[in-house]
Amino acid sequence: MKCEERMDRVYIADIAEHEGKEITLKGWLYNKRSSGKLWFLILRDGTGTIQCVISKADVDEATFDVCGELTQESSLEVTGNVSPDKRAPSGYELQVTRVKAVQIARDYPITPKEHGTAFLMDHRHLWLRSSRQTAILKVRHEIIKACRDYFDSNGFTLVDTPIFTPAACEGTTTLFETDYFGEKAYLAQSGQLYSEASIGALGKVYCFGPTFRAEKSKTRRHLTEFWMVEPEVAFADLDDNMDLAEQFLSFIVQRVLENRSEELKALERDTAPLERVVPPFPRITYDEAVDILRKNNVAFEPGGDFGGGDETVISEQFDRPVMVHRYPAAIKAFYMKRAPEDSSKALGVDVLAPEGYGEVIGGGQREEDYDTLVARIEEHDLPREAFDWYLDLRRYGTVPHSGFGLGIERTVAWICKLPHVRETIPFPRLMHRLKP
RNA sequence: UCCGGAGUAGCUCAAUGGCAGAGCGGGUGGCUGUUAACCACUAGGUUGGGGGUUCAAGUCCCUCCUCCGGAGCCA
């Protein structure tokens with residue numbers, strides 16, 4: 001009995017398989033219209049939307065009246081016949097025989113008209129139901145799945161790294177401090193150091209988790225809590241690292257193009273720039289990037305890091321992501337290996353996404369020599385005892401190794417061409433936003 | 001932290017220092033093919049808080065709060 005009921009339940013995405021049959025849909029009322037003796041209910045169920053038509057002539061009075069009670073976002077079950085209709089955007093509508101209200105929603109705050117982002121963010125738990133937001137969440141899901149699939153099928157082992165950490169990984173950014181049974185602990189800003197330990201066991205690893213930055217950044221590219229996937233590879237130099245980065249990023253973009261074209265279309269994303277994201281990516285040095293800025297009359301202090309506007313100018317010179325390597329060592333983290341031909345440069349690489357989305361990948365080759373690393377820790381005024389275990393990795397079978405981190409939200413924002421990263425994560429954490 | 005901008009009906013926004021308004025949403029009624037449906041009627045306000053100038057302040061001044069955009073920093 002119960003099984004039979006279940007068999008009748010159909011998802012809107014599968015509606016075409018049930019043409020001419022009576023089925024039951026379960027979902028929420030997206031919108032409704034009436035025309036006297038007709039009701040048009042727009043139902044959504046997470047897989048799509050469909051128009052359900054109720055004609056007064058075809059149903060009993062109670063069923064027809066229930067439709068009048070239904071409000072936006074009321075939950076309901078609708079039974080009817082699947083019929084093709086040229087006027088329907090999906091090609092099908094449901095000729096309804098029965099309507100069951102599960103719950104009548106009262107005063108749903110998000111109307112089908114314009115709202116400001118502050119209001120929508122206050123109602124993020126409900127805003128997620130909108131077609132645009134569900135499209136973004138599905139692209140995000142696809143990107144995350146592509147990350148995992150790429151590494152899983154290329155010999156990497158997932159190694160989860162801790163979120164509570166005893167000290168700053170890089171000593172550069174501001175971390176969130178927590179009380180850990182009377183001791184200070186910090187929320188992780190990267191899993192990299194732990195991944196470096198893991199390659200000693202497994203060779204090729206990646207970690208994937210939330211990371212935290214307490215910087216008081218207020219820009220379209222910043223969240224205080226964001227997700228990062230970080231591969232780390234033993235016996236890999238900077239060039240190997242760039243090979244991996246371009247293969248990996250291309251794989252992600254092509255996967256989204258293959259599997260989420262409907263969502264990209266719903267987001268009105270021009271896919272032509274994404275189709276060009278195939279290897280090889282241009283590789284330029286920091287000094288060459290500075291030349292580009294000079295030729296474009298951008299005021300820039302050589303030796304410094306690029307700002308968001310600088311990154312845009314650099315990336316505009318290319319039709320696909322560009323890899324900028326060999327940054328001044330002074331502006332990079334202590335663990336970065338110096339370039340053999342010029343010790344003032346670090347073997348780091350940033351991948352800048354096109355269309356002004358800036359840095360989506362940052363990484364490089366790590367310093368593997370014990371004495372050099374000790375000297376770097378001292379130069380950066382970092383507490384050596386905090387890095388005892390990290391130095392052990394250089395003491396027991398050290399090897400050249402490299403890795404990078406990909407910021408998920410920036411990648412989603414770029415692929416979906418969104419104006420702000422806050423829409424790329426279900427519940428964003430920003431400087432001024434901790435709720436909902 | 002710095003620079004700039006904004007707070008008026010549930011939402012999006014108007015309002016020369018002179019009666020606080022519209023659209024949407026809500027409510028009521030109408031319509032058998034609507035596509036953010038439409039038509040008519042209707043309810044809805046301590047103009048972010050406090051102080052000041054003025055006969056008179058949503059509007060001008062001071063102050064505080066909140067939010068938005070950008071910078072720095074970063075992915």
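Since the structure is predicted, the reported quantities are computational estimates derived from the model, not experimental observations. Every chain is numbered from 1, with letters handed out A, B, ... down the list of sequences.
A side-chain donor-acceptor contact under 3.5 Å links A:E230 and A:S190. Using a 3.5 Å distance cut-off with no hydrogens or angles, the side chains of A:D160 and A:Y194 do not pair a donor with an acceptor.
Annotation: B:C74 and B:C60 have their P atoms spaced 41 Å apart (nearest Å). Spacing of P atoms, B:U59 relative to B:U54, comes out at 16 Å, to the nearest Å. To the nearest whole angstrom, the two C1' atoms, one in B:G18 and one in B:A56, are 7 Å apart. The gap from the C1' atom of B:C31 to that of B:G21 amounts to 30 Å, rounded to the nearest Å. As rounded to the nearest Å, B:C39 and B:U53 have C1' atoms that lie 49 Å from one another. Taking the P atoms as reference points, B:C68 lies 23 Å from B:U63, given to the whole Å.
Within the structure, ring-ring contact (aromatic ring centres under 6.0 Å, His included) pairs that include any residue of residues 83-117 of chain A comprise A:H115-A:F119 (at least two apart or interchain).
Residue contacts for A:H123: at a heavy-atom cut-off of 4.0 Å it reaches no nucleic acid atom on any strand shown. At a threshold of 4.0 angstrom between heavy atoms, the contacts of A:I361 are confined to the sugar-phosphate backbone, with no base atom among them. Among the heavy atoms of the strands, none lies under 4.0 Å from A:D350. A:R106 comes within 4.0 angstrom of nothing in the nucleic acid, heavy atoms only.
Every residue meeting the side-chain contact (heavy atoms from CB on, under 4.5 Å) condition with A:L38, not counting sequence neighbours, appears here in chain and number order: A:S35, A:F40, A:V53, A:S55. For A:F427, the ring-ring contact (aromatic ring centres under 6.0 Å, His included) test picks out no residue, with sequence neighbours left out. Residues passing the side chain to side chain donor-acceptor pair (under 3.5 Å) test with A:T47, sequence neighbours excluded: A:D45. Residues meeting the side-chain contact (heavy atoms from CB on, under 4.5 Å) test with A:A289, sequence neighbours left out: A:I284, A:F306, A:I314, A:V324. Under the salt bridge (Lys or Arg N to Asp or Glu O under 4.0 Å) criterion, A:R429 pairs with no residue at all, not counting sequence neighbours. A search for side chain to side chain donor-acceptor pair (under 3.5 Å) contacts involving A:R410 returns nothing, not counting sequence neighbours. For the side chain to side chain donor-acceptor pair (under 3.5 Å) test, residues two or more places apart in sequence or in another chain that qualify with A:S74 are A:T71. Listed by chain and residue number, A:D149 satisfy the side chain to side chain donor-acceptor pair (under 3.5 Å) test with A:K145 (two or more places apart in sequence, or in another chain).
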Heavy-atom contacts, protein to nucleotides 2-12 of chain B, under 4.0 Å, summarised as B (base), S (sugar-phosphate only) or - (none) per nt, yield ---------SS

B/S/- along nucleotides 28-34 of chain B (protein heavy atoms under 4.0 Å) is ---BBBB

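Taking the six-membered ring where the residue is Trp, the centroids of A:F387 and A:F334 are separated by under 6.0 Å.
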Pairs under 3.5 Å (Watson-Crick or G-U), crossing ones as [ ], inter-strand ones as |: RNA chain B comes out as (((((((..((((....[..)))).(((((.......))))).....(((((..]....))))))))))))....

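Side-chain to base pairing of A:S217 with B:C74: no donor and acceptor N or O lie closer than 3.5 Å to each other. A donor-acceptor contact under 3.5 Å is formed by the side chain of A:R410 with the base of B:C74. Between the base of B:C73 and the side chain of A:H222 there is a donor-acceptor pair shorter than 3.5 Å.
Residues A:P419 and A:V360 each lie close to RNA chain B; by heavy-atom proximity, the contact nearer the 5' end of the strand is made by A:P419.
Between A:N31 atom CG and B:G25 atom C1' there is a gap of 11 Å when expressed in whole angstrom units.
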